[in-house]
Amino acid sequence: VTKKLLQQLKTDVQDVLCLHPELTVKESNGIPKWVEGDYYVRDLDGVEQGVFNIRVHIPAEYPYGFPIMVEVSTRIERKIDRHISLKGLTCQEITQKEKMIAAAGITLRRYFAEYVHKYLCWQLIYEEEGNENLEEWAHDQSSTLAFYQSHLNIQNPILIRRCLEHVAANKVSGRNDPCLCNSGKKTKHCHEEAFNELKFIGKDQLLKDIQTIG
Ligand SMILES: [Zn+2]
């Protein structure tokens, strides 16, 4: 960790602790390793809706790694449709998207605001009324095709595979060449940005996903 990054991380952690005073940070050799304690879910009026004991691990690649959250209190039933493992590892995003987000960098503060809070609110609603009216997110292989369909805005699996094969092989076609998706537009006016984002998923995962899509 560089001095500058370490300073940024420490400021980031302090911001989170300010917003959530019940949490504490654990350091090793002066480097913050995780944040743990009771997380109070409050509504917009500040009224407490529930409390979970959590531990959020800070990735060594900070901020270019996706944090990992463990629910320690076991309030959340350990079953797959609660998006939690037997050991309490929470699933908040699919792997491919985590990699793209991590590549762009994610602060701890943003992780708490966008993932921790949303995930625990979801769990509270689940406790009350089940998941019938809850927005779902996928967490296994069946979600792979859906992820790419949504990211590329392409439905046809054959076309998606063709795009992924190009990205995985790093065969970047010219920005002025016709886009691989057959839209007839130049790549720069079509999928250039989407393809660039996919590079962050990494060759190994992309090749795996090409197999999964079949
Ligand atoms: Zn295109």
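Position 1 is the first residue of the sequence; numbering continues from there. In listed order, ligands and their atoms are each counted from 1.
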What are the two closest non-hydrogen atoms of Ile210 and Ala168, and how far apart are they? CD1-CB, 4.5 Å
Can you list every pair that meets salt bridge (charged side-chain N to carboxylate O under 4.0 Å, His left out) and has a residue in residues 57-71, with sequence neighbours left out? Glu71-Arg78
Looking at Asp209, is its backbone amide N or carbonyl O close enough to the side chain of Thr144 to form a donor-acceptor pair, meaning the two atoms are under 3.5 Å apart? no
Enumerate donor-acceptor pairs with a distance under 3.5 Å from any side-chain N or O in residues 17-34 to protein atoms, sequence neighbours excluded.
| residue | atom | partner | partner atom | Å |
| --- | --- | --- | --- | --- |
| Trp34 | NE1 | Glu36 | OE1 | 2.9 |

Less than 4.0 Å between a side-chain N and a carboxylate O, is that true for Lys188 and Glu192? no
Which donor-acceptor pairs under 3.5 Å do side chains of residues 120-132 form with protein atoms, sequence neighbours excluded?
| residue | atom | partner | partner atom | Å |
| --- | --- | --- | --- | --- |
| Trp122 | NE1 | Glu135 | O | 2.9 |
| Gln123 | OE1 | Arg82 | NE | 2.8 |
| Gln123 | OE1 | Arg82 | NH2 | 3.3 |
| Gln123 | NE2 | Arg82 | O | 2.8 |
| Gln123 | NE2 | Tyr119 | OH | 3.3 |
| Tyr126 | OH | Asp81 | OD1 | 3.4 |
| Tyr126 | OH | Asp81 | OD2 | 2.8 |
| Glu127 | OE1 | Arg75 | NE | 3.4 |
| Glu127 | OE1 | Arg75 | NH2 | 2.7 |
| Glu127 | OE2 | Arg75 | NE | 2.7 |
| Asn131 | ND2 | Glu136 | OE2 | 3.3 |

Number of protein N/O/S atoms that sit closer than 2.8 Å to the Zn ion (ligand 1): 4
